[in-house]
Novice: 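Structure below; questions to follow.
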Amino acid sequence: MDTDRQRFERLVGTAVMALPQRIRDVLENVAFVIEDEVRGKKRGELALHAGESLLGLYEGPSNVAGEASPAAAYHPQSVTLPSKITIFRRPIEAMASGDLHALEALVRDTVWHEVGHLLGFGETAIRAQEARRGRVTAGSAA
């Protein structure tokens, strides 16, 4: 599936707007960026192996207090510039396999996953929450 960029941007915007208002309030200093896929230099920094994809990436101040514990109450002042959430279009489209509903769900789950990192949840805590909700693990795809 190769959605046009504008349609994909709308899906990301819809996913962000579907977040609860108290979370959207924290996002006012966060840039959402859409890229086709992880670029070479970043791929090396993240130590991604051949054939390994990334659906999204949070880059910014680390608010992780510990893998097992959820974030402290999130406060807008705890998130400072620069913070960026990148959503990678092509790996998400590939996982959706041409199914529009799957594409929408993957975009939504990837946005939630990366916002979870922004709020201070570690990978283990986010994946456990995703499993409880029956969601696709949105961080990476092999």
Side-chain angles (χ1 to χ4, degrees), residues 1-20 22-72 74-142:
M1 167 182 278
D2 190 15
T3 58
D4 66 58
R5 189 167 184 83
Q6 288 180 332
R7 183 176 184 179
F8 195 85
E9 287 172 1
R10 283 192 303 272
L11 290 175
V12 172
T14 298
V16 171
M17 292 309 295
L19 295 168
R22 68 185 188 280
I23 293 175
R24 287 197 324 264
D25 289 346
V26 176
L27 299 177
E28 72 180 42
N29 291 323
V30 178
F32 278 83
V33 176
I34 296 168
E35 291 188 11
D36 285 340
E37 49 195 279
V38 182
R39 296 181 187 172
K41 183 178 178 183
K42 182 58 73 176
R43 188 175 240 335
E45 290 173 13
L46 297 170
L48 293 176
H49 303 293
E52 190 175 16
S53 296
L54 196 64
L55 305 183
L57 179 65
Y58 168 68
E59 297 175 281
S62 178
N63 295 322
V64 179
E67 281 287 312
S69 64
Y74 47 88
H75 297 68
Q77 63 269 30
S78 69
V79 179
T80 58
L81 290 176
S83 291
K84 177 173 86 167
I85 291 176
T86 305
I87 307 297
F88 298 104
R89 183 172 70 99
R90 295 235 164 110
I92 291 173
E93 290 173 344
M95 281 187 73
S97 302
D99 182 331
L100 181 58
H101 295 293
L103 180 67
E104 291 169 349
L106 282 165
V107 168
R108 180 191 62 236
D109 291 348
T110 302
V111 166
W112 269 99
H113 184 104
E114 300 310 327
V115 168
H117 286 307
L118 166 79
L119 297 176
F121 291 90
E123 194 67 29
T124 302
I126 290 172
R127 289 180 187 256
Q129 180 63 27
E130 289 170 342
R132 282 192 295 276
R133 292 175 41 222
R135 300 287 188 210
V136 173
T137 298
S140 63

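In what follows, every heavy atom counts, from backbone to side chain, and hydrogens, waters and symmetry copies are set aside. Bear in mind that the values here come from a model prediction, so they are computed numbers and not experimental data. Numbering starts at 1 and runs along the sequence shown.
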Novice: Atom CZ of Phe32 and atom CD1 of Ile85: how far apart are they, to the nearest 0.5 Å?
Specialist: 4.0 Å
Novice: Out of Glu35, Glu37, Glu59, which one pairs with Lys42 under the salt bridge (Lys or Arg N to Asp or Glu O under 4.0 Å) rule?
Specialist: Glu59
Novice: Measure the spacing between CG of Leu118 and CD1 of Ile23 and express it to the nearest 0.5 Å.
Specialist: 9.5 Å
Novice: For the atom pair CG (Leu103) and CZ (Arg108), what is the distance rounded to the nearest 0.5 Å?
Specialist: 11.0 Å
Novice: Out of curiosity, Ser83 OG to Glu28 CD, how far, rounded to the nearest 0.5 Å?
Specialist: 11.5 Å
Novice: If I take atom CZ from residue Arg90 and atom CD1 from residue Ile34, how far apart are they, to the nearest 0.5 angstrom?
Specialist: 13.0 Å
Novice: Please round to the nearest 0.5 Å and tell me the distance separating atom NE2 of His113 and atom CZ of Phe121.
Specialist: 12.0 Å
Novice: Please determine if Arg5 and Glu9 form a salt bridge, counting it only when a charged side-chain N lies under 4.0 Å from a carboxylate O.
Specialist: yes
Novice: Tell me, with the steps shown, if Thr86 and Val38 meet side chain to side chain contact (heavy atoms under 4.5 Å, CB included).
Specialist: CA-CA 9 Å; Thr86 305; Val38 182; over 6 Å; no
Novice: Could you tell me whether the side chain of Glu93 reaches within less than 4.5 Å of the side chain of Phe8, counting heavy atoms only?
Specialist: yes
Novice: Is it the case that atom CD in Gln6 sees more than 12 heavy atoms from other parts of the structure closer than 6.0 Å?
Specialist: no
Novice: Within the supplied structure, the quantity of interest is the number of heavy atoms (other residues, nucleotides, ligands) at a distance under 6.0 Å from Arg24 CZ; does it exceed 12?
Specialist: yes
Novice: side-chain contact (heavy atoms from CB on, under 4.5 Å) with Leu55: which of Ile92, Val111, Ile87?
Specialist: Ile92
